[in-house]
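Everything on this sheet refers to the single structure shown next.
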Amino acid sequence: MNESTPLQQLKALLKSKSPLVVIAVGLRGVLSLAIYKLVSINFGVSGLGLFSHFQNFTSLFTQVSDQGTTLGIMSLHKEEQNRPRLFFHAFILNTVFFLLISLIVYIKQDVFLRYFEGLSFSELNFALAGLSIFILLYNSLTFSFIYATRSFKLLLFLTIINIIVVFLFVWVSSQWGLTSTMYGFVFGWGLCSLINFSVAYFTQVMPKLEFSFSMDIVKSLGNFILIAGAGLLLGKFVDYFVRDFAFDWYGIENTGYWQSQVRLSDSYRSAFLGTLGLVFYSGISMQITNTIFLKEYTRKMMMYSVVIVLPALVGIYIFRNHLFILLYSRELLPATDFLYWQLIADLFALPSFLLVYVLIARKNFKVYLKVHLVSALVYVVFILVFSLLSSEIWVIPAANALRYFLFFFLLFRLVKKDLK
């Protein structure tokens, strides 16, 4: 049995090559915040809300690749002779899901694109943006092999290149308006995806494609795709339509205040998952059949997560005004008046993500689906009820806080039962 404690593993992480992963995650967070700063300065609160909506729109296409096939590759890559076929099947499955989502968006474009109608999207530019998103789909495929082969120096190198390219694209394109900024964002990431894929392929981090069909690989990847599909349907789609509802009910400007909180949350969520989440998932993956170890290890990591998360969130709240001026602009300061709802949500959400890892590692997909379905329904119901009681935007992060409060305790009970 591996007797090392979570703290010892975290120290080991800092002494190994793995800090490069933490640095890469941190740099990506800095890039996101820099882009939001640029958008908020140039286009104000409403612009930030629309830009955030556009980012969520693009993520509808990439969710399955980011969290499904990627996780599958990292879990199934160990047998070297299977890697070329694994690459082939992941490529095909990603393409199929991209086309499926594209078809849904095309049929219901009046629903998905209605808040972009006032922006100058020409058919040619929109087609180029679609091509860039398609190329971006394989960026996560590239990084999955980089993580799987522990090529962390390459990871950091490509992350730095990506930051420079994407920020330059966004900065230059912002001179021509919000629509151009959206194009610049997706075009920049499309170019980076080509660079990342090419470098990883020619350095042999990625295997060559092997055109050989295997139903066993399809079934193995299918389990992870099921998880990603549930996350897409019950996560990204719900978030997209909640934001759409917020635009209608509370206005674009008020939605922008709320979205500034969400984007701040996204940045430290990535940092959390890139450090403590990385340690935890690697730890449980090695001892997944040892229930006694897993139970004790999960308990310790939950304790460490609270010790880390609670002071950090309190610090964010105390210095919220300075933080929002630094990250965005003074125009976004009204968002700090109800920031505590987002921080309460994250107090329960961040430890919950560790419990979700337990379900994924133990392949308890039915429980995973049920928990996320209940979470999505609770979120929507709370929003509808609260919106009838108040005309202020704070009701949405308040509903989110209650959602994650219930999500955490439901997960805790189910994971505890699963580990008996």
Would you say that [X] contacts [Y] through its side chain, given a criterion of any heavy-atom pair below 4.5 Å between the two side chains?
| X | Y | value |
| --- | --- | --- |
| Tyr379 | Ile383 | yes |
| Val39 | Tyr36 | no |
| Val374 | Phe407 | no |
| Leu389 | Val395 | no |
| Leu178 | Met182 | yes |
| Thr298 | Lys416 | no |
| Ser387 | Tyr250 | yes |
| Tyr268 | Leu313 | yes |

Considering non-hydrogen atoms only, spot the tightest contact between [X] and [Y] and give its length.
| X | Y | value |
| --- | --- | --- |
| Phe185 | Val170 | CA-CG2, 3.7 Å |
| Ser260 | Phe324 | OG-CE2, 3.3 Å |
| Leu48 | Gly256 | CD2-O, 4.1 Å |
| Ala345 | Asn400 | CB-ND2, 3.6 Å |
| Ser173 | Gly184 | OG-CA, 3.5 Å |
| Pro397 | Trp258 | CD-CD1, 3.9 Å |

Review point. If you measure from CG on Leu359 to NZ on Lys370, what distance do you get to the nearest 0.5 Å?
Key: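 If I round to the nearest 0.5 Å, the distance is 12.0 Å.
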
**Study point:** Between CG on residue Leu38 and OG on residue Ser174, distance to nearest 0.5 Å
**Key:** 4.5 Å

Practice item. Could you tell me whether Phe319 atom CZ has more than 12 heavy atoms of other residues or ligands within 6.0 Å of it? Key: no

**Study point:** Enclosure of Gln204 CD (heavy-atom neighbours >12, cutoff 6.0 Å)
**Key:** no

Exercise for review: Dump the intermediate steps for side chain to side chain contact (heavy atoms under 4.5 Å, CB included) on Asn139 and Leu136, then the final yes or no.
Suggested key: CA-CA 5 Å; Asn139 197 44; Leu136 179 59; 4.0 Å; yes

Exercise for review: Determine whether the side chains of Thr142 and Asn196 contain a donor N or O and an acceptor N or O closer than 3.5 Å.
Suggested key: no

Practice item. Among Asn94, Thr95, Leu93, find the residue that satisfies the side chain to side chain contact (heavy atoms under 4.5 Å, CB included) test when tested with Phe91. Key: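 When side chain to side chain contact (heavy atoms under 4.5 Å, CB included) is applied between Phe91 and each of Asn94, Thr95, Leu93, only Thr95 qualifies.
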
Practice item. Applying side chain to side chain contact (heavy atoms under 4.5 Å, CB included) between Ile161 and each of Val165, Thr159, Ile163, report the one that passes. Key: Val165

Check: [X] side chain, [Y] main-chain N or O, donor-acceptor pair, under 3.5 Å:
| X | Y | answer |
| --- | --- | --- |
| Ser390 | Phe386 | no |
| Thr336 | Asn321 | no |
| Asp244 | Tyr240 | no |
| Ser375 | His372 | no |

Measure up the [X] and [Y] rings against each other and bin them: parallel (under 30°), tilted (30 to 60°), perpendicular (over 60°).
| X | Y | answer |
| --- | --- | --- |
| Phe408 | Phe348 | tilted |
| Phe51 | Phe54 | tilted |
| Tyr317 | Tyr340 | perpendicular |

Exercise for review: Dump the intermediate steps for side chain to side chain contact (heavy atoms under 4.5 Å, CB included) on Val309 and Phe272, then the final yes or no.
Suggested key: CA-CA 9 Å; Val309 168; Phe272 177 86; 3.7 Å; yes

Review point. Among Gln55, His53, Arg243, which one satisfies side-chain hydrogen bond (donor to acceptor under 3.5 Å, both in side chains) with Gln259?
Key: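 The option that passes is Arg243.
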
**Study point:** Verdict with supporting geometry, Leu326 and Lys37, side chain to side chain contact (heavy atoms under 4.5 Å, CB included)
**Key:** CA-CA 8 Å; Leu326 175 65; Lys37 174 82 172 180; 5.6 Å; no

Exercise for review: Look at Asp266 together with Arg263 and state whether they make a salt bridge at an N to O cut-off of under 4.0 Å.
Suggested key: yes

Review point. Going through the distances and angles, do Gln261 and Leu343 end up as a side chain to side chain contact (heavy atoms under 4.5 Å, CB included)?
Key: CA-CA 9 Å; Gln261 300 177 358; Leu343 299 179; over 6 Å; no

